[in-house]
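From a predicted model like this one, the values you see are computed outputs, not experimental measurements.
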Amino acid sequence: MDHDAVLALYDRDMREGAQPDSPESRIERTGKVVRQVSTAHGWNGVVWSDLDAGSADAAIAEQIAHYSGLGHAFEWKLYGHDLPVDLGQRLRSAGFTPQPEETLMIGEVNDLTLDAEPPEGIRVLPVTDQAGVDLVADVHEAAFGTDSTRLRHQLLAQLTADPDNVVAVVALDGDTPVSAARMEMVPGTRFAGLWGGGTVEAWRGRGIYRALVALRAREAAERGYRYLQVDAMSTSRPILERIGFAPLTTTTPYLYTP
């Protein structure tokens, strides 16, 4: 895989050419910034920019004014190769709070090792309705210790309005959910994104995460997608590298609350 070429393709198709991630969201292009605007329950934020030292501060101020006028907190999703090189510092100076850095990892589906299966005693079920969404959200809260209100709302909206482009699964030990994950396909591109892969602490290190990656990757291959993308935390990166994913750049969420 040509890392530079794939990263350029990702920037073009998934960021500059971004599509809304839910039925109630829209993409707006203003100047050299691409942003998503959603409801208070959805994801609001900047997905792409093409700025320089002379234009960055004004663009930052414009986004703050726009989302503040809507009453929405929002995220500026900053990638390690974005310009100007001090964009992160400019965001901090404007009142944004950086979150933990993640690694953008991309794998070419045909080159990935996809033979992993869930450990004995674990069954994996597709998520198609409110009951399944609740299980996914319960795992998310237990695994990451964060509120899952937005996830519940967004995933149910996706499954209701656009079920062909989202795959969600939950792994159970008996009737107890212990891991969950989803995949979002982006029509018209070569990319599918893996999101929300989380396992409750007692079940980590037993291969469930890897099995759910393999399951979703096989589904992406069947649907004709060439690349899989993950924003990987440090705990996930070694597993993904063993499967065949490559780190291409970093990504850091910068959050702003009006």
Side-chain angles (χ1 to χ4, degrees), residues 21-22 25 36 38-45 47 72-79 96-105 116 118-119 122 124-127 130-159 166-184 192-217 228-243 245 247 250-257:
D21 68 2
S22 72
S25 304
Q36 176 168 291
S38 188
T39 65
H41 291 297
W43 186 85
N44 289 275
V47 295
H72 292 340
F74 74 104
E75 174 184 323
W76 192 301
K77 196 169 178 63
L78 179 68
Y79 289 78
F96 287 77
T97 302
Q99 303 303 296
E101 181 182 273
E102 298 175 335
T103 302
L104 173 66
M105 304 189 73
I122 294 295
V124 178
L125 299 180
V127 171
Q130 179 70 66
V133 169
D134 288 341
L135 293 177
V136 171
D138 290 345
V139 169
H140 188 273
E141 291 182 347
F144 300 115
T146 56
D147 181 75
S148 64
T149 300
R150 192 176 81 190
L151 172 62
R152 291 176 192 270
H153 183 85
Q154 179 177 333
L155 181 54
L156 184 59
Q158 290 173 314
L159 289 169
V166 60
V167 172
V169 292
V170 61
L172 298 103
D173 171 28
D175 294 325
T176 303
V178 297
S179 188
R182 69 187 191 277
M183 176 171 66
E184 297 176 2
L194 303 186
W195 301 99
T199 303
V200 299
E201 187 172 2
W203 277 91
R204 291 173 187 164
R206 305 194 198 186
I208 301 178
Y209 176 83
R210 177 171 179 147
L212 295 188
V213 170
L215 183 154
R216 289 174 289 165
L228 287 177
Q229 167 256 322
V230 186
D231 290 349
M233 297 185 295
S234 58
T235 51
S236 304
R237 177 171 171 170
I239 301 171
L240 293 166
E241 286 184 312
R242 288 195 291 272
I243 294 173
F245 284 80
T250 60
T251 177
T252 304
Y254 280 78
L255 303 183
Y256 187 92
T257 302

When you measure from the side chain of [X] to the backbone N and O of [Y], does any donor-acceptor pair fall under 3.5 Å?
{"X": "Gln158", "Y": "Asp21", "result": "yes"}
{"X": "Arg206", "Y": "Ala202", "result": "yes"}
{"X": "Glu184", "Y": "Arg182", "result": "no"}
{"X": "Thr39", "Y": "His41", "result": "yes"}

Minimum heavy-atom distance between [X] and [Y], given as atom pair plus value:
{"X": "Val127", "Y": "Leu159", "value": "O-CD2, 3.7 Å"}
{"X": "Ala73", "Y": "Asn44", "value": "O-CB, 3.7 Å"}
{"X": "Pro98", "Y": "Thr252", "value": "CB-CG2, 4.3 Å"}
{"X": "Pro247", "Y": "Arg237", "value": "CG-NH2, 3.3 Å"}
{"X": "Gly42", "Y": "Ser38", "value": "CA-OG, 3.4 Å"}
{"X": "Pro177", "Y": "Val200", "value": "O-CG1, 4.4 Å"}

Check: [Y] and [X] side chains under 4.5 Å, non-hydrogen atoms:
{"X": "Leu172", "Y": "Ile122", "value": "no"}
{"X": "Asp173", "Y": "Trp203", "value": "yes"}
{"X": "Val213", "Y": "Ile243", "value": "yes"}
{"X": "Phe245", "Y": "Val230", "value": "yes"}

As a quick check of understanding, evaluate side-chain contact (heavy atoms from CB on, under 4.5 Å) for Arg204 and Thr199, giving each step before the final call.
CA-CA 6 Å; Arg204 291 173 187 164; Thr199 303; 4.1 Å; yes
Hey, which of Met183, Arg216, Gln229 is the one that makes side-chain contact (heavy atoms from CB on, under 4.5 Å) with Trp195?
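Only match with Trp195 under side-chain contact (heavy atoms from CB on, under 4.5 Å): Gln229.
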Can Val169 and Leu125 be said to form a side-chain contact (heavy atoms from CB on, under 4.5 Å), step by step?
CA-CA 6 Å; Val169 292; Leu125 299 180; over 6 Å; no
Counterpart residues, side-chain contact (heavy atoms from CB on, under 4.5 Å), relative to Glu102 (two or more places apart)
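Listed in chain order: Asp231, Met233, Thr251.
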Run Tyr209 and Ile239 through side-chain contact (heavy atoms from CB on, under 4.5 Å) and show every step you take.
CA-CA 8 Å; Tyr209 176 83; Ile239 301 171; 3.8 Å; yes
Separation between [atom1] of [X] and [atom2] of [Y], rounded to the nearest 0.5 Å:
{"X": "Arg210", "Y": "Ile208", "atom1": "CZ", "atom2": "CD1", "result": "14.0 Å"}
{"X": "Leu155", "Y": "Gln130", "atom1": "CG", "atom2": "CD", "result": "9.5 Å"}
{"X": "Thr149", "Y": "Leu151", "atom1": "OG1", "atom2": "CG", "result": "9.5 Å"}

Passing option when Glu75 is tested against Tyr254, Trp43, Tyr256 for side-chain hydrogen bond (donor to acceptor under 3.5 Å, both in side chains)
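Running side-chain hydrogen bond (donor to acceptor under 3.5 Å, both in side chains) over Tyr254, Trp43, Tyr256 with Glu75 returns exactly one hit, Trp43.
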In residues 136-143, what donor-acceptor pairs under 3.5 Å come from side-chain atoms, sequence neighbours left out?
residue	atom	partner	partner atom	Å
Asp138	OD1	Arg152	NH2	3.1
Glu141	OE2	Ser148	N	3.3
Glu141	OE2	Ser148	OG	2.6

Residue pair Tyr79, Thr250: steps toward the side-chain contact (heavy atoms from CB on, under 4.5 Å) verdict:
CA-CA 6 Å; Tyr79 289 78; Thr250 60; over 6 Å; no
